[in-house]
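Notes for the one structure printed next.
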Amino acid sequence: MSGALERARQAELHRAEWLVQVCVPPVQNGGVVTVGGRVVAAGAFEEVRKECPARVRTFDHGSAALFPALVNCHTHLELSALKGMIPFPQPGFRQWLTLLFELRAAKEPNAATQSLRLGELEAFRNGTGLCGDITNGGAAATSGFQALERRIFLELLGFNLDSIQAALPPDVSIGGTVAVPHSVYSVSAPIIAECKALARARGLPFTIHVCEHLEEIEFLETGTGFCRELLERLGRLEPAWKPPGKTPIEYLEGLGVLDSNTLLVHAVHLTDSDWALAAKRSCTAVFCPRSNQNLGVGRPRMERALSLGLTSCLATDSLASNEDLNLFAEAGHVLDNHPRIVPAKVLEMITLNPARALGYAGEFGCIAPGARSNMLAVQVGAGVDKASLARALIESGRKGAWKWVSNPPGLNWEG
Ligand SMILES: [Zn+2]
């Protein structure tokens with residue numbers, strides 16, 4: 001079969017009342033042409049139809065909105081077997097971490113791999129096409145689950161260690177992952193700086209949990225409190241260590257870590273000057289507001305980040321700190337609790353922004369030529385107009401009124 005004929009055989013034309021590409025304003029009566037798992041044209045239906053072969057397979061999604069697969073910027077899929085095992089809300093970070101340690105200690109040796117698969121299915125069933133996924137080593141390889149792409153971050157611990165090599169878990173290599181520090185209170189300054197230097201040299205994103213809870217702020221400022229007790233209990237505190245007397249953001253600035261490829265995960269307790277610094281360095285903020293609420297650690301100032309122009313993303317965090325891996329539910333939480341954030345911005349926070357932050361610009365997070373064809377058809381209902389479309393999309397999404405439209409060829413989602 002010739003190349004042109006083969007392309008024609010694979011081509012699909014999708015039409016819906018709304019096309020929400022995210023990277024450009026919504027189009028009424030929109031159309032998308034896909035070939036072999038990629039978008040080749042998107043826009044007004046009558047226009048894109050002209051670019052199709054005569055006998056293209058056509059799918060009409062009625063009054064739905066076509067929307068890109070969601071991008072979850074921060075997950076720990078290897079913790080997915082813990083779903084439902086920790087009651088929410090927890091009174092604070094200390095109590096939550098104690099429960100997490102107990103549950104993780106009781107795990108089977110192969111738990112991370114099985115847990116990863118549970119998480120991949122959960123993410124996919126909630127409309128996700130790409131995750132920024134943290135592993136402590138157990139899920140550092142791709143699983144072969146083709147329906148979900150993972151940017152794999154290999155998270156290191158080691159407050160009393162001084163190199164990535166020393167902090168790597170046994171039998172784990174960096175390979176195609178990105179080595180990243182867990183946080184400023186669990187990883188030493190040399191390892192944080194080395195991780196960033198390596199990510200920078202490879203042109204890859206760098207991520208760190210930062211300013212998640214007040215205990216972290218206290219520890220860097222005075223060296224006291226829960227983080228100190230934890231390190232002492234684990235035998236990880238260097239006797240000679242002195243608190244820097246800085247905020248975590250100032251501390252990371254001092255290590256040369258803040259730039260446009262740095263993802264600040266949680267970012268609940270930044271001061272005004274921290275936010276100004278993060279904006280000056282063009283960092284990305286990754287908010288997990290339901291996780292923060294469930295752990296009782298505070299409410300992120302998303303409005304502040306957005307008003308300063310920081311690229312901002314939403315993420316679920318893990319099933320040890322959230323009820324599900326549903327980004328539509330996370331977006332709905334923002335509409336309910338942060339009413340000053342307009343719904344169209346929230347849509348960017350679950351698609352376009354995290355795709356860029358994870359190094360997948362043009363591949364995920366938008367419906368445009370060259371992007372992966374993973375799309376959702378969200379039933380926004382009749383009577384929606386451009387002004388109400390974004391809110392309707394989030395509300396329908398969190399009710400589960402959507403379906404997958406197109407997926408990569410060779411999909412094995414039960415695999
Ligand atoms: Zn996390």
Side-chain angles (χ1 to χ4, degrees), residues 71-83 85-86 88-90 92-101 103-104 112 115-116 118-120 122-123 128 130-140 150-158 177-187 192 195 199 205-216 227 230 248 252 262-270 283-300 302 312-327 330 333 349-350 354 357-358:
V71 181
N72 197 337
C73 206
H74 183 76
T75 57
H76 301 249
L77 296 181
E78 69 186 10
L79 297 180
S80 298
L82 301 182
K83 179 173 182 168
M85 295 179 77
I86 297 181
F88 304 131
Q90 284 290 305
F93 189 78
R94 173 196 296 254
Q95 294 85 347
W96 172 79
L97 193 67
T98 305
L99 278 177
L100 181 66
F101 277 3
L103 289 166
R104 291 194 81 173
S115 209
L116 168 64
L118 288 173
E120 287 177 321
E122 161 102 15
T128 314
L130 169 66
C131 284
D133 191 37
I134 307 278
T135 174
N136 292 109
R150 291 160 69 219
R151 165 70 75 199
I152 305 172
F153 295 106
L154 177 59
E155 181 179 83
L156 303 179
L157 298 165
T177 71
V178 189
V180 293
H182 168 261
S183 69
V184 295
Y185 61 89
S186 56
V187 181
I192 295 174
C195 286
F206 166 95
T207 177
I208 185 166
H209 297 87
V210 69
C211 299
E212 182 179 5
H213 43 81
L214 288 171
E215 289 89 342
E216 173 185 340
C227 294
L230 182 66
L252 293 175
T262 287
L263 283 58
L264 306 173
V265 177
H266 290 299
V268 180
H269 297 287
L270 275 74
C283 297
T284 293
V286 181
F287 296 112
C288 310
R290 287 189 302 158
S291 168
N292 300 148
Q293 180 172 284
N294 287 338
L295 270 50
V297 296
R299 183 179 187 274
M302 288 186 257
S312 299
C313 309
L314 281 179
T316 59
D317 209 348
S318 78
L319 286 170
S321 69
N322 210 336
E323 294 84 349
D324 54 53
L325 300 179
N326 186 344
L327 276 178
E330 207 69 41
H333 174 94
M349 294 168 79
I350 57 174
L358 294 172

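When reading the values below, keep in mind they use all heavy atoms of this one structure, side chains included, and skip hydrogens, waters and symmetry mates. Whatever order the structure lists them in is the order used to number ligands and atoms, beginning at 1. What you are looking at is a predicted structure, and each value in this text was computed from that prediction instead of being measured.
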| said: Using side-chain heavy atoms (C-beta onward) and a distance below 4.5 Å, is E122 in contact with L319? | reply: yes

| said: If I take every N, O or S atom of H266, is at least one of them less than 2.8 Å from the Zn ion (ligand 1)? | reply: no

| Residues which pass side chain to side chain donor-acceptor pair (under 3.5 Å) with E78, listed by chain and number, not counting sequence neighbours | T135

| query | Closest N/O/S atom of H74 to the Zn ion (ligand 1), by atom name? | reply | NE2

| said: Using 2.8 Å as the threshold, say whether any N, O or S atom from C288 sits that close to the Zn ion (ligand 1). | reply: no

| Heteroatom of D317 nearest to the Zn ion (ligand 1) (N, O or S, atom name) | OD1

| field | Nearest non-hydrogen partners of R104 and N136, listed with the distance | value | NH1-OD1, 3.4 Å

| task | Please identify each residue that fulfils side chain to side chain donor-acceptor pair (under 3.5 Å) with T284, with sequence neighbours left out. | result | none

| How is the N/O/S atom of H209 that comes nearest to the Zn ion (ligand 1) named? | NE2

| task | Compute the centroid of each ring, for H213 and then for H266, and state whether the two points are separated by less than 6.0 Å. | result | no

